Amino acid sequence: MDSSITPHLACPRSRPRRIADDYAPPYPAWSARIDPAIGQVVMASYGVQGRESGDVAAALAHVRALRATLDADVRHVDLARYVDEAGYDTLVLQPYWTDPEAFRRWEARADVAALLAAETGLGHFREILTPTVERLETLYSTEDEMEGLGRALERRSPPVQEHAYWGSARDRFPIAQTDALEPAGQLGFAADGAGRVTVRGHDNIAIIRSGQDWGPTGGEERRLYLAEIEPVLRAGMDFLRDRGGECGCYLNRYMRIVDMDGAPQEKSFGWSYWRSLGDMENWSEAHPSHLAIFGTFMRIVQQLNFDLKLRLWHEVYVVTPDQQLYDYRNCHPDTGFLKQMPR
Ligand code: HEM
């Protein structure tokens, strides 16, 4: 069977996989393939938050203006929305590049820089990840379209071997062939006294975007997704948001994909940042909140005789300090990484 690791990124392992070489997964899944010409990707998130009436319209106008500046170098872009734990309505524009230089050129443009510095009366944040290709992995449950980073990378693997067992996410990382991806260092915070805080990430922070697309479902499957899976997913996402610190989760957002008019699509994703890949693995493998999501899903898969239209996908990154950049401008103190700031 094919490995999830794109062939040119495979190397002799000093760290074995958790499976035997003849392991065969019970159902198929696919990963994005990485073109050898791509060495590093950019997953950028530009957030706008507000709590007053009229703020959503102003935030939408802002992200649309930013969206309008994106040029042909951008490989994919999503817009997503959620109301955070402090009641702030938040819109996040998430463009992807497969060339960090193209991203830097775009951010340095005068019109873009002006938008990113604009005084709007709203809160603004930027969370930029620039992982090299050995520091990312993806998984898609269906053979049709990919989402997020997969759309940016464009190419898809045949069915892959490394999935459907705990520890498979790690086994899909090229770098985990030889590296334990242990965390090192601490978060750092620098406030300029004028409402702007920059956060320095430490080594091997892990980030997941874990998506659900129930658009293609119908009938009993749709009913079961909305009535049984989604409430358990929401409870797990609320747990990570409110008490994730108990498990090494710095922050979690349960987001709904919206179109450029702000209209919700039948797509959502959990988006979280962790002290380490190990902490993320422990939560998914052992915590009741993910086991409830996983268990409910598995029961329904069997109930529907493995005939599912629901599309699940995720992308995971483990980044070095210089592959992350976070800053918050006029944001409330529990926004993103700010809630980790010593007070
Ligand atoms: C793995 C179900 C949401 C984190 C898995 C797997 C399933 C699953 C079936 C095993 C996949 C495979 O290897 O073939 C679901 C369902 C979800 C959901 C049905 C929502 C409806 C989430 C969310 C997160 C998450 C929102 C994180 C915020 C993980 C992680 C793994 C995983 C990290 C990999 C564990 C490992 O490889 O050791 N999940 N999940 N899941 N899930 Fe979820």
Side-chain angles (χ1 to χ4, degrees), residues 1 3-4 17-19 23-31 80 82 136-142 147-148 157 159-173 176 181 206-215 217 221-222 224-244 247-257 266-304 306 308-318:
M1 267 197 103
S3 170
S4 169
R17 299 189 299 184
R18 252 202 238 182
I19 44 165
Y23 165 81
Y27 50 88
W30 294 261
S31 295
Y82 81 124
L136 60 89
E137 68 91 1
T138 59
L139 195 69
Y140 304 89
S141 71
T142 58
E147 294 286 341
S157 71
V160 299
Q161 187 180 25
E162 300 93 343
H163 79 99
Y165 60 92
W166 300 124
S168 62
R170 181 179 293 267
D171 288 350
R172 292 189 293 269
F173 269 93
L181 293 173
I207 303 99
I208 184 168
R209 242 188 123 207
S210 170
Q212 306 79 36
D213 175 2
W214 64 99
T217 67
E221 184 187 355
R222 170 173 288 255
L224 287 169
Y225 178 75
L226 294 173
E228 299 198 18
I229 299 178
E230 198 281 336
V232 182
L233 171 61
R234 180 174 295 276
M237 297 295 90
D238 287 352
F239 168 80
L240 284 183
R241 183 192 64 195
D242 299 333
R243 292 176 44 204
C247 312
C249 179
Y250 288 133
L251 66 116
N252 182 55
R253 302 170 173 125
Y254 179 38
M255 312 274 313
R256 185 76 178 259
I257 300 261
E266 293 188 316
K267 294 181 180 188
S268 59
F269 61 93
W271 173 28
S272 53
Y273 292 71
W274 299 73
R275 167 132 183 96
S276 68
L277 181 62
D279 284 336
M280 187 194 290
E281 288 173 315
N282 288 341
W283 174 77
S284 61
E285 186 169 339
H287 194 272
S289 58
H290 186 262
L291 291 181
I293 302 170
F294 178 83
T296 308
F297 173 72
M298 286 304 181
R299 174 171 56 75
I300 287 170
V301 169
Q302 281 166 24
Q303 209 171 318
L304 296 173
F306 293 86
L308 248 64
K309 299 282 186 295
L310 178 69
R311 300 170 65 236
L312 299 172
W313 59 277
H314 81 204
E315 60 202 41
V316 184
Y317 308 100
V318 178

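Both counts, for ligands and for their atoms, begin at 1 and track the order of listing. This is a predicted model, so every value here is computed, not measured.
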Among all protein heavy atoms, pick the one closest to [atom] and tell me residue, atom and distance.
| atom | answer |
| --- | --- |
| atom 37 (O) of ligand 1 | Ala169 N, 2.8 Å |
| atom 20 (C) of ligand 1 | Ile293 CG2, 3.6 Å |
| atom 38 (O) of ligand 1 | Gly167 N, 2.6 Å |
| atom 23 (C) of ligand 1 | Ser210 OG, 3.2 Å |

Over all heavy atoms of both residues, which pair between [X] and [Y] is shortest? Give the atoms and the distance, please.
| X | Y | value |
| --- | --- | --- |
| Ile293 | Val232 | N-CG1, 3.6 Å |
| Glu266 | Asp213 | O-OD1, 3.3 Å |
| Ser272 | Asn252 | CB-OD1, 3.2 Å |
| Ser289 | Phe239 | OG-CD2, 3.7 Å |
| Arg209 | Trp271 | CG-CD1, 4.1 Å |
| Ser141 | Leu310 | OG-O, 3.9 Å |

Relative to the ring of [Y], is the ring of [X] parallel (under 30°), tilted (30 to 60°) or perpendicular (over 60°)?
| X | Y | answer |
| --- | --- | --- |
| His163 | Tyr27 | perpendicular |
| Trp274 | Trp283 | tilted |
| Trp166 | Phe294 | tilted |

If I apply the N/O under 3.5 Å rule, does [X] come out as touching ligand 1?
| X | answer |
| --- | --- |
| Phe297 | no |
| Tyr27 | yes |
| His163 | yes |

So Thr138 and Trp313, do their side chains get closer than 4.5 Å, heavy atoms only?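 No, every pair of side-chain atoms sits at 4.5 Å or beyond.
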Taking the side chain as every heavy atom from C-beta outward, state whether Met1 and Pro25 have any pair of such atoms under 4.5 Å apart.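 Sidechains of Pro25 and Met1: in contact.
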From the options Ile229, Ile300, Thr296, select the one residue that forms a side chain to side chain contact (heavy atoms under 4.5 Å, CB included) with Leu224.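 The option that passes is Ile300.
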Salt-bridge criterion met for Arg170 and Glu285 (N-O under 4.0 Å):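 Salt bridge: no.
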Are the charged groups of Arg17 and Asp171 less than 4.0 angstrom apart, N to O?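 No, this pair does not count.
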Side chain, backbone, both or neither: which applies to [X] and ligand 1 if a contact is any heavy-atom pair less than 4.0 Å apart?
| X | value |
| --- | --- |
| Val316 | neither |
| Trp271 | neither |
| Trp166 | both |
| Ser284 | side chain |
| Ser272 | side chain |
| Gln212 | side chain |

For [X], counting its heavy atoms only, list the atoms of ligand 1 lying under 4.0 Å from any of them.
| X | answer |
| --- | --- |
| Ser168 | 13 (O), 36 (C), 37 (O), 38 (O) |
| Ala164 | 12 (C), 13 (O), 14 (O) |
| Met280 | 33 (C) |
| Trp283 | 4 (C), 24 (C), 25 (C), 27 (C) |
| Ile208 | 4 (C), 27 (C), 28 (C), 33 (C) |
| Ile229 | 21 (C) |
| Leu312 | 19 (C) |
| Met237 | 26 (C), 28 (C) |

Does [X] come within less than 4.0 angstrom of ligand 1, counting non-hydrogen atoms of the residue?
| X | result |
| --- | --- |
| Met298 | yes |
| Phe269 | no |
| Glu230 | no |

Taking both backbone and side chain into account, is any N, O or S atom of His290 nearer than 2.8 Å to atom 43 (Fe) of ligand 1?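 An N, O or S atom of His290 is closer than 2.8 Å to atom 43 (Fe) of ligand 1, so yes.
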Selected option - heavy-atom contact closest to atom 7 (C) of ligand 1, from Trp274, Tyr254, Trp313, Phe294: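 It is Phe294 whose heavy atom sits nearest to atom 7 (C) of ligand 1.
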Passes side-chain contact (heavy atoms from CB on, under 4.5 Å), Glu162 versus Ser3? Steps please. CA-CA 7 Å; Glu162 300 93 343; Ser3 170; 2.7 Å; yes
